[in-house]
Q: 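This is the structure, below, for whatever I ask next.
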Amino acid sequence: MTNQVHIPYGKQHINEEDLQAVATTLQGDFLTQGPQILAFEKAFAAYVGATYAVAVTSATAALHLSAIALGVKENTRVITTPITFAASANCISYCGGTVTFADIDPQTALIDINAVRKILEAAPKGTYSGIIPVDFAGKAVDLEAFRKLADEYGLWIIEDACHAPGGFFTDSKGQRQLCGNGKFAELSVFSFHPVKHIACGEGGMITTNDKNLYDKLMLLRTHGITKDAEVMEENHGGWYYEMIDLGYNYRLTDFQAALGISQLKRADKGLERRRAIAQRYDAAFNGTAVNTDIGKFDEGNAYHLYVIQVPERKHVYDELKRKGIFAQVHYIPVHTLPYYKRKGFSAGDFPLSEAYYTKCLSLPMYPTLSDEEQDFVISSVLNSLPS
Ligand SMILES: *Cc1c(COP(=O)(O)O)cnc(C)c1O
């Protein structure tokens, strides 16, 4: 039997401890909403430096609940980036709100604060309600600057930090500010999908420092139902509850939370490895036709992805695939997806995002990628470049 090469762009890592943690929880009294949930929330909040965390079924659910908690409804206008996963925008559409996009800074592929400012300046104050910046590829958005702009216009911020648990930016005072620490954004969301840093199968987390928002999210996660005597209108006895808001079932299971806790223990080691892989890519492509602007080493980058930009991207992608290397493209600009085109967007609306899309390619990036595998990826990329 030949050893076929199969190197994906991202991959989860499950070890013996993870298996034990899940097995122990499965044999316990709780399958859903047991003690592991609260323990995971506490550990995750501590990891990102936030006061509160709410575990949910996915980051998509986290974004949905965040939008509801911040009052998004029909005609609410919210600004996000075209270079993200569709869910960052969909949460506004779920609530009947209107998505506006702001183009990217081509140097980082992050939403360009100047583009956002232009949109805000061009409309009467009060037109927009919020911004959803995305820590794309793991690079932290400068939320201090976004907070300032948001305050000028009375906007809230949902930070989509799905790519960046453990990532940080350095603020104007030289302090490191961890993604999701609750100091700048009202709410931050994370994903525990297997390709993300911490895998729970499916899963998501919302972090915040705002007690009111925390209480609202806890209620919305489970049907809007409460048993809290302080907020109920009546109380008929031990069985009694009230549904005081229209919520959902977005509960994570206890055994997923157990897996999350176990994975979180290795998160810092994983980050360290991701950053080392990024530095090796940087060095290897230096002076070649491979553009490494997006992935260029930054100590605060959590490196969910290592994105390069190459000419004739499809050729490079196909050549890598032929060799068993499954690179990916992040992302097809959201405004060019048919659903958003039907809402009135078209190709040409956000030229920097669209130009970026024609060249971007995400190379394998995960902690268990070996140096040998990475060397094979590097030589395969260089050999596939058009001469
Ligand atoms: C993965 C991802 C999501 C959605 O996460 P799920 O947990 O799969 O729902 C949202 N936004 C971004 C930027 C993502 O990468």
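All ligand and atom numbering here is 1-based and tracks the order in the structure. The analysis underlying the following values was restricted to heavy atoms, covering all of them including side chains, and did not include hydrogens, waters or symmetry mates.
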Q: Salt-bridge test for K269 and E272: reply yes if a basic N is under 4.0 Å from a carboxylate O, no otherwise.
A: no

Q: For K196, is the nearest heavy atom under 4.0 Å from an atom of ligand 1?
A: yes

Q: Can you sort out which atoms of ligand 1 are near F85, meaning under 4.0 Å from one of its heavy atoms?
A: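 Once the distances to F85 are compared, the set is 2 (C), 3 (C), 4 (C), 10 (C), 12 (C), 14 (C).
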
Q: Please state which protein non-hydrogen atom is closest to atom 5 (O) of ligand 1 and give its distance, to 0.1 Å?
A: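 Result: A59 CB, 3.2 Å.
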
Q: State whether D215 and K211 are salt-bridged, where the test is any N-O pair (Lys NZ or Arg NE/NH1/NH2 against Asp/Glu carboxylate O) under 4.0 Å.
A: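 Salt bridge: yes.
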
Q: Considering the heavy atoms of T60, write down every atom of ligand 1 situated less than 4.0 Å from one of them.
A: 4 (C), 6 (P), 9 (O)

Q: Only heavy atoms of T84, strictly under 4.0 Å: list the atoms of ligand 1 that pass.
A: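 Those of ligand 1 that fall under 4.0 Å from T84 are 13 (C).
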
Q: Should you measure from each heavy atom of S58, which atoms of ligand 1 turn up under 4.0 Å away?
A: 7 (O), 9 (O)

Q: Between the side chains of K183 and E159, is the shortest nitrogen-to-carboxylate-oxygen separation below 4.0 Å, so that they form an ion pair?
A: no

Q: For ligand 1, which atoms have a heavy atom of Y331 less than 4.0 angstrom away?
A: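 Matching atoms, with element in brackets: 15 (O).
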
Q: Output yes when D135 and K139 qualify as a salt bridge under the 4.0 Å nitrogen-oxygen rule, no when they do not.
A: no

Q: When you measure from the side chain of D103 to the backbone N and O of D105, does any donor-acceptor pair fall under 3.5 Å?
A: no

Q: Please determine whether any non-hydrogen atom of A61 lies less than 4.0 Å from an atom of ligand 1.
A: no

Q: Once rounded to the nearest 0.5 Å, what's the spacing between atom NE2 of H330 and atom CD1 of I83?
A: 11.5 Å

Q: Only heavy atoms count here, so choose which of G204, C200, S191 is nearest to atom 8 (O) of ligand 1.
A: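 Looking at heavy atoms only, the winner is S191.
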
Q: Kindly give the heavy-atom pair with the smallest separation between Y366 and I277, and that separation in Å.
A: O-CD1, 3.3 Å

Q: Strictly under 6.0 Å, is that where the ring centroids of F44 and F192 end up?
A: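 Yes, they do, as the ring centres are separated by less than 6.0 Å.
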
Q: Below 4.0 angstrom from a heavy atom of H163, which ligand 1 atoms are there? Numbered from 1 as shown, please.
A: 13 (C), 14 (C), 15 (O)

Q: Using a 4.0 Å cutoff against the non-hydrogen atoms of G203, which atoms of ligand 1 qualify?
A: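 Reading through ligand 1 atom by atom, the close ones are 7 (O).
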
Q: Tell me the protein heavy atom at minimum distance from atom 11 (N) of ligand 1, and give that distance in Å.
A: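 Answer for atom 11 (N) of ligand 1: D160 OD2, 2.8 Å.
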
